[in-house]
Every structure is written in structure tokens, then in C-alpha cells.
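A, B, ... follow the sequence lines: proteins, then strands. Residue 1 opens every chain. Computed over heavy atoms, backbone and side chain alike; hydrogens, waters and symmetry mates excluded. Keep in mind that what you see is a predicted model, and the values were worked out from it rather than measured.
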2 protein chains.
Amino acid sequence: MKNLMETLRQHGIQPTPQRLEVARYILECDRHFSAEQALSIVLERCPTISRATVYNTLNILVEKGLVAARVLTEGAVVFDSRVARHHHLIDTETGEIHDVDWGALKVSGTRSLADFEVQEYHVVLKGRKKQ
Amino acid sequence: MKNLMETLRQHGIQPTPQRLEVARYILECDRHFSAEQALSIVLERCPTISRATVYNTLNILVEKGLVAARVLTEGAVVFDSRVARHHHLIDTETGEIHDVDWGALKVSGTRSLADFEVQEYHVVLKGRKKQ
DNA sequence: GATCATCTTTAGACTTAGTCTAAGTCCATG
DNA sequence: CATGGACTTAGACTAAGTCTAAAGATGATC
Ligand SMILES: [Mn+2]
Ligand SMILES: [Mn+2]
Ligand SMILES: [Zn+2]
Ligand SMILES: [Zn+2]
């Protein structure tokens with residue numbers, strides 16, 4: 001959607017060609033992707049981009065709140081272009097990660113955790129498609 | 001507690017000296033530990049044990065239900081000697097992982113997730129100690 | 001427009017967690 | 001004693017990610 005360059009600027013990120021390619025990938029791709037996935041696709045359009053730049057860019061985007069980094073499965077951090085809070089369901093057969101709307105689940109008790117101040121939480125579900 | 005050798009046998013695991021050392025570590029250590037942590041401590045008592053054996057043993061213990069493997073933070077799978085279901089709270093300042101009793105939180109809505117059959121779920125909370 | 005500082009990118013080395021392999025050890029059984 | 005199975009070992013290998021040092025681009029200032 002809307003001007004990528006503008007979006008980056010509004011978030012205080014200098015829009016370089018490399019950063020724009022990474023950001024473009026995020027808009028076009030699956031919601032959840034790893035840094036290595038992003039790297040290999042961005043490389044097709046921008047054959048000289050370095051691994052370091054892709055990782056740096058993703059980390060900047062996380063820092064500035066444009067994507068979220070989530071630790072859901074083994075092996076690689078997953079970047080999530082949906083930053084609004086929601087839960088995740090992992091298909092135990094395929095490994096696919098599905099979003100679960102925040103409103104679909106209700107968690108109670110988080111306010112009463114003894115001497116901890118809870119800043120955020122989310123539910124990680126595992127299951128499989130019916131049938 | 002109780003005879004380690006017996007426990008392994010009861011779970012269908014051949015109790016070798018190396019496996020007993022790994023199991024002993026689990027009983028004595030922090031509840032949540034990484035494979036590399038286990039390796040470096042077990043090495044002190046059993047200086048020729050190999051990395052492969054420690055990883056293999058941990059994986060067998062998981063398979064047989066004696067410990068649980070959890071993906072909670074970046075960087076390494078965490079093994080959890082408390083296998084009964086519970087939630088986790090990650091201290092954002094120290095990185096420490098704390099257990100939250102299953103009964104302390106209530107999650108509703110997991111049964112009504114459209115075409116998914118939920119097999120298990122847990123809540124991952126982030127926060128910090130009050131004060 | 002030339003100068004200089006700062007920001008950014010690059011290739012590749014490096015690190016860490018984890019897996020794999022091939023050879024060797026240690027039984028048990030015939 | 002021979003064979004086989006289960007187990008361990010060292011070390012090579014892989015994959016994700018970080019770091020570095022040098023080169024390149026940008027931008028403010030004169
Ligand atoms: Mn790995
Ligand atoms: Mn790493
Ligand atoms: Zn998501
Ligand atoms: Zn736990």
C-alpha cells in the first residue's frame with residue numbers, strides 16, 4: 001500500500017534502495033517470514049545486496065515498529081508484518097503459522113501475577129486442520 | 001529424586017553412565033536450561049562425553065516425556081524439567097524464564113477456532129519484577 | 001563545486017546451536 | 001570366537017545470525 005518511501009521516512013528510516021527492496025518484499029510476501037527467506041527473494045531483484053544489510057534492515061524495521069519479530073518455532077526468528085497484537089497457531093503437520101485474532105481468545109489472570117508487571121502476552125497454540 | 005536408573009528404565013531408556021549424568025544434571029539444575037548449558041556442566045563430571053551424546057540424550061528424554069523442549073526465546077531451545085503444562089513469563093530485564101501455574105491464567109475460546117483442532121496451547125508473557 | 005563527517009553497504013570472516021557421520025566400544029547371544 | 005546391536009566419540013558440517021574493515025553514498029557547509 002501507499003508510498004513505501006514515505007512510510008520509511010515517517011518512521012525515521014532513511015530510505016535507501018536496499019531498504020526499499022526489503023520493505024517491498026514484506027508487503028508482497030507471506031505474513032510470517034524468516035530473514036533468510038527475505039534475503040533469498042530480495043537477492044533476485046537486487047543481486048548485490050548483502051546478508052548483513054538484509055538483517056540490519058529487518059532489525060531497524062522491528063526497532064521502528066514496522067514489523068514484529070516473534071520467536072515461535074525452532075530454527076529461525078520469524079518476522080511478522082502484522083504488528084497489532086494477535087495470537088498464533090502452529091499447524092503441527094505443516095509447520096505453518098496462522099494468525100488468531102486477538103478477540104478470538106480471552107486470557108484472564110494476567111493482572112494478578114504476584115510481583116510481576118506484565119507488559120505483553122500472547123497465546124501460542126498448536127493443532128491441525130480438521131479433516 | 002528416587003532412583004535415576006529406575007526412572008530411565010521405566011521410560012524405556014537404557015541407562016548408560018552418560019545418560020545418567022545428563023539426567024542427574026536435570027534434577028539438580030535450574031528448571032529451564034539449554035543443551036549447551038547441560039553439556040558444559042556434565043563435561044565437568046564426565047570429561048569425555050561428546051556433544052552428540054548430550055544432544056541425543058536430551059532428545060530421547062523429550063521423546064519419552066521426561067523433559068519438555070520449549071521455544072521461548074531466541075538463540076536456543078530450552079529444556080524444561082517440569083513437563084506438566086504451565087505458562088511462562090519472561091523477565092524482559094534479565095531474560096529469566098519463570099513458570100506460571102496452569103491455574104493462574106484462564107484462556108477461553110480455544111475450542112472455537114474454526115477449522116482447527118487445538119492440541120495444546122500456552123501463554124507466553126513478558127514483563128518485569130515490580131519495583 | 002570541493003571538503004568533510006556521517007551514514008550505509010559490502011564481502012567475508014566469525015560465532016553459536018545443532019546435526020551428521022564414520023569409526024570405535026561394549027555388550028549379548030550363538 | 002564371530003556377529004550384531006546399541007551406544008559413544010571426535011570432529012566435520014550446516015544454518016542462522018553477528019561483526020568487521022573497507023569502500024561507497026549522502027548531505028551539510030563553506
Ligand atoms: Mn541449528
Ligand atoms: Mn545465532
Ligand atoms: Zn502473526
Ligand atoms: Zn517451565
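- Put simply, A:L39 and A:L61 are part of the same group of oily side chains (I, L, V, M, F, W, Y) that touch within less than 4.5 Å, one to the next.
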Give the C-alpha distance, both sets of side-chain angles, the deciding distance and a yes or no for ring-ring contact (aromatic ring centres under 6.0 Å, His included) between B:H32 and B:H88. CA-CA 11 Å; B:H32 307 97; B:H88 287 100; 5.0 Å; yes
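- Distance CG (B:L58) to C1' (C:dT19): 14 Å, rounded to an integer number of Å.
- Within the structure, every side-chain polar atom (N or O) of B:T16 is placed at least 4.0 Å from both OP1 and OP2 of D:dC7.
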Sequence neighbours excluded and cut-off under 3.5 Å, please list the side-chain donor-acceptor pairs for residues 105-124 of chain A, or say none.
| unit_1 | atom_1 | unit_2 | atom_2 | d |
| --- | --- | --- | --- | --- |
| A:S108 | OG | B:K106 | O | 3.4 |
| A:S112 | OG | A:G109 | O | 3.0 |
| A:Q119 | OE1 | B:T92 | OG1 | 3.1 |

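- Both A:R51 and A:I60 lie near DNA chain C, and the one whose nearest nucleotide falls closer to the 5' end is A:I60.
- For the OP1/OP2 pair of C:dT6 and a distance below 4.0 Å, the side-chain nitrogens and oxygens of A:Q14 include no atom meeting the criterion.
- Taking atom CD1 of residue A:I49 and atom P of nucleotide C:dT8, one finds them 14 Å apart after rounding to whole Å.
- The interatomic distance linking A:R9 (CZ) with D:dG27 (C1') rounds to 13 Å, in whole Å.
- Following rounding to the nearest Å, A:I13 (CD1) and C:dC7 (C1') show an atom-to-atom distance of 14 Å.
- For the pair B:N59 CG and D:dT8 C1', the computed distance is 15 Å after rounding to whole Å.
- Across all non-hydrogen atoms, the minimal contact from A:A68 to A:V83 is N-CG1, 3.7 Å.
- Here C:dT8 presents its P atom at 18 Å from CD of A:E21, a figure rounded to the nearest Å.
- Applying the side chain to side chain donor-acceptor pair (under 3.5 Å) test to residues at least two apart or on different chains, the pairs with a partner in residues 58-76 of chain A are A:R70-A:D80.
- Residue B:V77 places its side chain closer to C:dG18 than to any other of C:dG18, D:dT20, C:dT21.
- Between A:S50 and C:dT9 there is no side-chain N or O to OP1 or OP2 distance below 4.0 Å.
- Between the P atom of D:dA21 and the CG atom of A:N56 lies a distance of 16 Å, rounded to the nearest Å.
- Separating the CG atom of A:L8 from the P atom of C:dT8 is a distance of 12 Å, rounded to the nearest angstrom.
- A close approach under 4.0 Å does not occur between any side-chain nitrogen or oxygen of B:Y55 and OP1 or OP2 of C:dT19.
- Expressed to the nearest 0.5 Å, how far CH2 of A:W102 lies from NE2 of A:H86 amounts to 10.0 Å.
- Residue A:Q18 has no polar side-chain atom (N or O) positioned under 4.0 Å from OP1 or OP2 of D:dA25.
- Using a 4.0 Å cut-off between charged side-chain N and carboxylate O, B:R45 and B:E28 make a salt bridge.
- Here the nucleotide nearest the side chain of A:R19, chosen from D:dA10, C:dT9, D:dG17, is C:dT9.
- In the region residues 34-45 of chain A, proximity to DNA chain C at under 4.0 angstrom, judged on heavy atoms, holds for none of the residues.
- Across all strands, A:A76 comes closer than 4.0 Å only to sugar-phosphate atoms, never to a base (heavy-atom distances).
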